Structures are given as structure tokens and as C-alpha cells.
J.: 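Here you go, one structure.
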Amino acid sequence: MEAPKTVSYSLMFLAIFVLLASALSLANAKIQEHEFVVQATPVKRLCNTHSTITVNGQFPGPTLEVNNGDTLIVKVINKARYNVTIHWHGIRQIRTGWADGPEFVTQCPIRPGESYTYKFTIQGQEGTLWWHAHSSWLRATVYGALIIHPRGGETYPFPKPKRETPILLGEWWDANPIDVERQATQTGAAPNISDAYTINGQPGDLYKCSSQGTTIVPIDSGETNLLRVINAGLNQPLFFSVANHKLIVVGADASYLKPFTTNVIMLGPGQTTDVLIAGDQPPSRYYMAARAYQSAQNAPFDNTTTTAILEYKSAPCPAKGVTAIKPLMPFLPAYNDTNTVTAFSKSLRSPRKVEVPSEIDESLFFTIGLGLNNCPPNFSPSQCQGPNGTRFTSSMNNVSFVLPNKISILQAHHLGVQGVFTTDFPTKPPVEFDYTGNVSRSLWQPIPGTRVTRLKYGSRVQIVLQDTSIVTPENHPIHLHGYDFYVVAEGFGNFNPKKHTSKFNLVDPPMRNTVAVPANGWAVIRFVADNPGAWIMHCHLDVHIGWGLATILLVDNGVGLLESIESPPEDLPLC
Ligand code: C2O
């Protein structure tokens, strides 16, 4: 009779301990309230002043800093003349899909003069994320860092850095980006390339009229600092490097990594990378620089280089009248250096053995790529200025994604409104073909549609993302909302389950929210569908979203207490 008693006592102690612990962490968790006013603001770059859409008049927008467990309440007031929504890129939004932000997916847009309050709690995430507009091309200027520190009392899995600096890589048009996008939609051609890249909003010394504003990143001899690098660029994967300094990679997309040292990192749009940098060089000024990784062939791209200056506090000041010595430039890989990209992405590992689903309930195979539509009969030649009188398009599994415009997908799903989408998105390409070979022209024209994939709560999902060589192979940064996933493998050519499955890393694969799928190659991701809602998965090159390189994973509610999406907020914008 003794044993059961011991068991029940220890159970009781355990329960008390759990209660105390959760009460403590709740007491630690804070609620942060912010107001984001989206408005036109004059911003001068590259010698010209543009009426730029910003948040609170800041470009880049305000940095949000929270602790894991905190709740963010952000009231977005739209004082601009465009529709807007804000997406919290990489935040899992567990049961709060209404706060995710993509226009017509989880909400209708916030119309000019209206507002919407996003409310969500950060659950079990630490590291660097960001926020951006998720409506037309507004995110070209409407973006900022979202930094998640460990819970109070908890530490990083590396020595505490002396300073932490967000490094937001951006893309700047010497024009209104909304007009650039509109023009492309009208002509069917590729949109104009950007005129500059930026670091924390500044192009830097190598551009006209830009030296004065060049971003300065402080460091001092002997300290180790954390750079939180974010590719907020619209359409361009970027290399990033710092002259004479090694980078120790410790995290990506708000998941920690097994630290490794490198001279250069590559980030697709949407991706973040946390690196430690040591002040171990002679006190001076060094350039940090970013420029294009361009995998698409025969496509024009912005080949300029943005710089900021890593400046030692103790660097000797130049004497009066003497111009400062030019900082040293880092070595950057060639624009098309795919080998460097592959070596980098293959170095990413979780810090320890992780729990990757080993059994799979839903095995999906999605092709991703471009296409060219023949000019529709009722279109004029001016509307078909793509290659050989066509219009650019893009698709997954031959479906070119079309957003609804009268109600969001999540609202339609929640209210049972019929006719907004169908749940028949193909689980594999409708026609099997040599994806990375010479593809027959008959496969270049995808079919438009609003088709989604329905997933049972808790199902274990694998998705093979397969690039195609249609029009051109290209490295596509594929981003999934609502989830982090493990990247268990990547490779070149066509994915072959017989050959490649045995090589999956099910031990310590990196966890991400955006995977850069190799040009003319594939990547395999795995995750458990434990967050109900309508989650868009799309290429984070904005030019491709507009063309239809997106789809929706619709995850059902579960049966348990905390397995259903919350009810929509009262002020959720309707159409
Ligand atoms: Cu960072 Cu759907 O986006």
C-alpha cells in the first residue's frame, strides 16, 4: 500500500511545481502595446526625394524587441492611400491566424483611413524575425526588425554579446515601388530592377549622394557582438560579408544553429541569419557589404553593392583637414556563385539532435517555377511585353495562385462560405516531366486557380519543393506562414525518392521558416501540422507572388482544448 502513496505524493509535488513554474513565467511575460501609423513620408535617397510609405515616419520602420512569452498588441492605423496589412514574418501565430496578415488570406486589407489591431503571443521562439507589409509591393519600404530575446532569466546558447545590431538588407527603387509593380502587371513584362540595395535603409558610399547617411555599426577591440542580418529585399537573394572579420553563424529564422565560422553568408528574401563578430582586428573602419546572388539566367538584375561601416570605437580619428582612409572592402562571391551558396546552406545544423517526424501522413510534391502565358486574344501587344509577346506567370504544381478579393480564405473557411476556394490542390505535379531538363512548351502555361491543400490537425507533413527550368531555373526562397519546418535535404536535378530519401538528415537538420530551394534543384521539408488556420506558402521574391507562385495549406482544428483557432477579433477588416 506504500508505493501508490509515494506515486501520488510525487505527482502532487510535480503538479505544484508545474503550476509554480508556469505562474512564474506568466508573471515574467509582458504585454507590449504599439501603434503603427502607415503614412506617406518624404525620404531622400540617391539624390531624389520620394513620398515613401513608412511606419511612424521611420525608414526602416521601428524595431520591436520582446521576450519569448510576451504578448504584442500592435494597432495599425492606415493613413496612406493604399490598402495595407502587416505580417509578422516567422511568428508562429499559434491559434491566432487572424493576426498573421497576408491580404485576402487571413484578413481583408486595412483600407485607407481604417485600422486593425494585431494581437499575438510569442510562444517558444527566440532570435531574429521581422515584420513587413503583406499587400502589393508596399513591403519595399514598410518593414522592420522583430527581435525576440530569451525569457527573463534565460540566456543565449552562446556568450552574451556586448552589442547587438540589426542589419536590415533592403532594396530601393528610385521610383514609387507600387508604380513599378503596376507597370509590370500592365505590360506582362518583368518589373524594373531596383536602383540600390540598402543596409538599415542606407545605400552607402558606393552610390551617388549617399555617403553622408552611410550606416555605422559600432564595435570595440576585444568585444564580441551579434549582428542580426535580415534580407528584407523584395526580389533579390544577397551575399553578405564583412572585411577582415569572420562571421560565426549561431542562428537563422529565429532558431539556433550549431555555430560555424564563415566569411560570407547568403540570405534569400525573408531569411534571417544571426552571426557573432569579434573585434579582433586593428582598430579601424571596415566595410560590411551586400550584393546579389543571381541564379536566374539571362535576367537583368541590380548588380550594385551596398555598404555599411564597421567602426572601432578606438579607431584613431583622422587629423583635421585629412580625409579618413577608405575602409577595406570585403571579398564577395561572384554573382552566380552557386557553389558558395550550397556550401553555406549545407553547413546549417540544429545545435543538437532534434525531433523530426520520421513517419509521414501527408507526402506532398510541389514543383515551383516560372511560366509564360501566350497573349490572350483580348489583350493588346502593349499588355504582352514578356519574352516573344507573352506575359510572365508562375506556379506551384501548374496552379498559378489567385487570391480571392471579396473575403479572406481564413474567413471563408471559418464561416463556411462556399465558392471562395477549392480543396483540390494537387499533391503532386499533374504531369510528371523532367523538371530540370528541357521542358516542352506545352507545360509553360499554368492554370490559374484558388486551390488549397487541406491538412488534418496534427498530421506529419513532408513537402518536396522542386524547382523547374521553365523559362529559367532560379533559387526560390519558399516561405511558409504559421510554421517552422526542418529542412531535411536539398540537392540538384530532379528529386528521386529512391535515391535521396536514405540521405535525409533526420538527426540535426536546421529549422527555418524560409528555405532557399537550389536553382535547378530541390529541398525537402518536414513539420507537424499542429497550428490550425489558413497558411500561405509562397516564394518570397515578391515579383513571383504577383505571378502566382503561392499556395495555401488549410489546417483543420483539432479536438483538444487548445487545438482550435481562436474566434476572429471584433475589428477584423472585412471586404
Ligand atoms: Cu515575409 Cu508571406 O511573408
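Since we're looking at a predicted model, the values are computed, not measured. Side-chain atoms are counted along with the backbone in the values below, which use heavy atoms only and exclude waters and symmetry mates. Note that ligands are numbered from 1 as they come in the structure, with each ligand's atoms numbered from 1 the same way.
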J.: For atom 1 (Cu) of ligand 1, find the closest N/O/S atom belonging to His89 and write down its atom name.
T.: ND1

J.: Tell me whether Glu474 contacts the main-chain N or O of Ser295 through its side chain, where contact means a donor paired with an acceptor under 3.5 Å.
T.: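 Not confirmed, Glu474 side chain does not pair with Ser295 backbone.
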
J.: Are any non-hydrogen side-chain atoms of Val528 and Tyr483 less than 4.5 angstrom apart?
T.: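 Of all side-chain heavy-atom pairs linking Tyr483 with Val528, none is under 4.5 Å.
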
J.: Within 2.8 Å of atom 1 (Cu) of ligand 1, is there any N, O or S atom belonging to His134?
T.: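 No N, O or S atom of His134 is closer than 2.8 Å to atom 1 (Cu) of ligand 1, so no.
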
J.: Check this for me: does any side-chain nitrogen of one of Glu362 and Arg460 sit under 4.0 Å from a carboxylate oxygen of the other?
T.: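 No.
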
J.: If the cut-off is 2.8 Å, does any N/O/S atom of His132 fall short of it from atom 1 (Cu) of ligand 1?
T.: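 Given the 2.8 Å cut-off, His132 counts as a ligand of atom 1 (Cu) of ligand 1.
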
J.: For atom 1 (Cu) of ligand 1, give me the closest N/O/S atom belonging to His540, just the atom name.
T.: NE2

J.: At less than 2.8 Å, would any N/O/S atom of His479, backbone or side chain, sit next to atom 1 (Cu) of ligand 1?
T.: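 Coordinating: no.
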
J.: With a cut-off of 6.0 Å (strictly less than), are more than 12 heavy atoms of other residues, nucleotides or ligands near CZ of Arg111?
T.: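 More than 12 within 6.0 Å, yes.
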
J.: Is it possible for you to check whether Arg291 lies under 6.0 Å from the centre of the six-membered ring of Tyr335, through NZ or CZ, and within 45° of that ring's axis?
T.: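 Output yes; distance and angle both within limits.
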
J.: To the nearest 10°, what's the angle at atom 2 (Cu) of ligand 1 between atoms NE2 (His481) and NE2 (His538)?
T.: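 Taking atom 2 (Cu) of ligand 1 as the apex, the two atoms subtend 110°.
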
